[in-house]
Structure formats: C-alpha cells, structure tokens
Amino acid sequence: MSRRDEHAEISEQLVLFVAGALDRETQSRIAEHTATCPSCAAELDQWQLISGGLRRLPTPQPSPSLVARTRAMVAAQIAERREGRQNRTVLIFLALFSWLVTIVGWPVFRLLTGGLLSLLDIRFHQMWLLFAIFSALTCLAGGTAAVLLSARRQQERRFAL
Ligand SMILES: [Zn+2]
C-alpha cells in the first residue's frame, strides 16, 4: 500500500480511532501513521478535542416539572385502582345485603300479616326457598355485570391515559 493510499484510509478512520472502536491491530497502525504524518496528527488532535468536549457535556436530566407530572400521574393511577377495588367490595356487599334483606324481609312480612301459623305452612317454605335461590341468582348476575362493567371502564381509562 502506498503512503498516499494509507494516508487516505487512515484519515477516514481517525474518528473511530478516537472513539476506540477499532481492533487493536488497526489502532496501532493508525498510531504509527499519525506519529509520522503531521496532517493526520493535526486531524487527530481536532477529533480528540471534539471527543473530549462531548464527554464533558452534562448528561441531560429530565426537567423537574416532567418528573413531578409523571409522579402525579402514577399516584393518580394507583389511587384509581385502589378506589376501583373498594367500589367493587362495596358493590358486592350491597348486593349481598339487599338479598339478605329481601330473604329475611319476606317471612317477617308474612309473620306480621298472617301470624305465626302461616310460617309453618310447607308451601310457604318451598316458595321461600325458590324465591331465595331465584333472587340470589338475580343478585349474582347483576353483581357480576356491575363488576365486569367497572373493570372495563377502568381498562378504558387506563388506555385513555
Ligand atoms: Zn496521514
């Protein structure tokens, strides 16, 4: 390889040399060349200056307002999720409570209107049992639908963020 060709090739690789991105053999070849070639030595100086300057630049930091906003968003999301869980618990409790009131309320109503004897009626017991099962199923279906709806609403809100 002629001196000219080598000079052209090494001149192209000086940036990589400064970055330390070349294999050891090439690094030492370039070091040898720049020791005897004033033009490449000067260029190498330039690149080393630039590289040193880049290294001294401060690492970009996220702005405090962005950090605060992100933190607030995360906190809001956590609160929302907790609130959703609480809502679900309250809903299940309300469904159970209304079912209990209905189930207990009927014999009480019957007792008040028909007297103690009417409670012993076997047909009333059967009907009450059927009613209990039926209303439980209704409450369960309603509760499931409500839970599913609130879960989906929460998911939609998460996507909207
Ligand atoms: Zn050179």
*Stepwise side chain to side chain contact (heavy atoms under 4.5 Å, CB included) test for Val90 and Phe93*: CA-CA 5 Å; Val90 168; Phe93 176 76; 5.6 Å; no
*Do you reckon Phe17 sits in the same ILVMFWY cluster as Leu49, going by side-chain contacts under 4.5 Å, direct or chained?*
no
*asked:* Could you tell me if the side chain of Asp45 sits less than 4.5 Å from the side chain of Gln48, heavy atoms only?
replied: yes
*If two hydrophobic side chains count as joined below 4.5 Å and joins carry through other members, does Leu44 share a cluster with Leu16?*
yes
_Do Ile50 and Val18 sit in one hydrophobic cluster, given that two such residues count as connected whenever their side-chain heavy atoms are within less than 4.5 Å of each other, even indirectly?_
yes
*Side-chain touch Glu9/Arg29, heavy atoms, less than 4.5 angstrom*: yes
_Beyond-backbone contact of Leu14 with Thr34, side-chain heavy atoms, under 4.5 angstrom_ = yes
*In Å and rounded to the nearest 0.5 Å, what is the CG to OG1 distance from Leu149 to Thr144?*
11.0 Å
*Once you round to the nearest 0.5 Å, how far does CZ of Arg69 lie from OG of Ser63?*
6.5 Å
*First locate atom CD of Gln13, then atom CD1 of Ile30, and finally report the distance between them rounded to the nearest 0.5 Å.*
4.5 Å
_Is there a path of hydrophobic side-chain contacts, each under 4.5 Å between heavy atoms, that joins Val15 and Ile10?_
yes
*Of all the heavy-atom pairs spanning Ala21 and Gln27, show the shortest one and how long it is.*
N-OE1, 4.3 Å
_Minimum side-chain heavy-atom gap Arg24-Ser28 below 4.5 Å_ = no
*asked:* Nearest 0.5 angstrom please: Leu137 CG to Ile133 CD1, how far?
replied: 7.5 Å
*How far does CD of Glu80 sit from CD of Glu83, to the nearest 0.5 angstrom?*
7.0 Å
*Looking only at non-hydrogen atoms, find the nearest pair between Leu66 and Thr70 and report the distance.*
O-OG1, 2.7 Å
_Gap separating the CZ atom of Arg81 from the CD atom of Gln86, nearest 0.5 angstrom_ = 14.5 Å
